[in-house]
Amino acid sequence: MLLERGVEVSYKTLRRWVIKFGPAIACNLRRRSARPGDVWHLDEVRVKVRGETFWLGRAVDRDGLVLDEILQRRRDKKAAKRLLKALLKKASRQPKRIVTDKLRSYGAAMRELTPGLEHLSHKGLNNRAENSHLPFRSRERTMRGHRSPGGLQRFVAVHSATRNCFVPPSRRRSASSTRYHRLEAFGVWRQAAGLTA
């Protein structure tokens, strides 16, 4: 698209732009996003970085919007506590219910951090979080993996905030509502990127 307009840019320049401006735009997009739903789904996915195994913990709300993602070396109680602490710190309110798969670390972490909160632990109920890994896996295949854990953490932070902005929530999936959602998203994107005054 840039070449068509007479602008010659290498892919390395584009990569540098994403590294430089991506986190600031993602932060602005998160600030402008709607409040998360009152049901959170937590899950983790295994990621290989240069042959080393990491776990990408992800939290989504009931509409499928990604709330937070943290890359960790283990998936134990300490890792679950770290994800929960980050979520509770970023969210303006506590959820009504948290849904996880059958990993016991989440239950142990929740008993310490949020003892009165309802916790459902069932593999079939956590499809919202399981499906949220699909766009990440698709992008990972396109990128042919990741070079470093820090680069992966930066990538998922920018990718999820941008995807939250442009992909309509599950309750708004008709053609006309998707079109209006995209128009709204482009307006929010222009504001977050500082393209409008």
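Heavy atoms only: backbone and side chains are in, while hydrogens, waters and symmetry mates are out.
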Does the [X] side chain pair with the main chain of [Y], one donor and one acceptor, at a distance under 3.5 Å?
| X | Y | value |
| --- | --- | --- |
| Q72 | A79 | yes |
| R182 | F166 | yes |
| D61 | D63 | yes |

For the atom pair [atom1] ([X]) and [atom2] ([Y]), what is the distance rounded to the nearest 0.5 Å?
| X | Y | atom1 | atom2 | result |
| --- | --- | --- | --- | --- |
| L113 | I98 | CG | CD1 | 9.5 Å |
| H181 | F186 | NE2 | CZ | 10.5 Å |
| R16 | S10 | CZ | OG | 6.5 Å |
| K77 | R111 | NZ | CZ | 8.0 Å |
| E112 | K85 | CD | NZ | 8.5 Å |
| Q94 | D38 | CD | CG | 12.0 Å |

Neighbour count above 12 (heavy atom, 6.0 Å) for [X] [atom1]:
| X | atom1 | answer |
| --- | --- | --- |
| K48 | NZ | yes |
| R74 | CZ | no |
| R104 | CZ | no |
| E8 | CD | no |

Candidate pair R73 and W55, rule side-chain contact (heavy atoms from CB on, under 4.5 Å), full reasoning: CA-CA 6 Å; R73 291 186 183 274; W55 295 93; over 6 Å; no

Any non-hydrogen side-chain atom of [X] less than 4.5 Å from a side-chain atom of [Y]?
| X | Y | answer |
| --- | --- | --- |
| I70 | D68 | yes |
| L117 | P95 | yes |
| Y106 | E44 | yes |
| P149 | Q153 | no |
| V158 | I25 | no |
| H159 | E69 | no |
| L88 | T114 | yes |
| F54 | L152 | no |

Could you state whether [X] and [Y] fall into the same hydrophobic cluster, counting links through intermediate Ile, Leu, Val, Met, Phe, Trp or Tyr residues with side-chain heavy atoms under 4.5 angstrom apart?
| X | Y | value |
| --- | --- | --- |
| Y11 | V7 | no |
| F136 | V49 | yes |
| I19 | L71 | no |
| V156 | V18 | no |

[X] and [Y]: which non-hydrogen atoms are nearest, and at how many Å?
| X | Y | result |
| --- | --- | --- |
| K102 | S121 | CA-OG, 3.5 Å |
| W40 | P36 | NE1-CB, 4.2 Å |
| A185 | C165 | CB-O, 3.2 Å |
| S105 | R75 | OG-O, 3.5 Å |
| D43 | D101 | OD1-OD2, 3.0 Å |
| R147 | R50 | O-NE, 2.7 Å |

- prompt: Given a cutoff of under 4.5 Å between side-chain heavy atoms of I, L, V, M, F, W and Y, with clusters grown through shared members, what are the other residues clustered with V66?
  reply: V60

message: Applying side-chain contact (heavy atoms from CB on, under 4.5 Å) to L42 and L103, what does each step give before you reach the verdict?
response: CA-CA 10 Å; L42 307 182; L103 184 67; over 6 Å; no

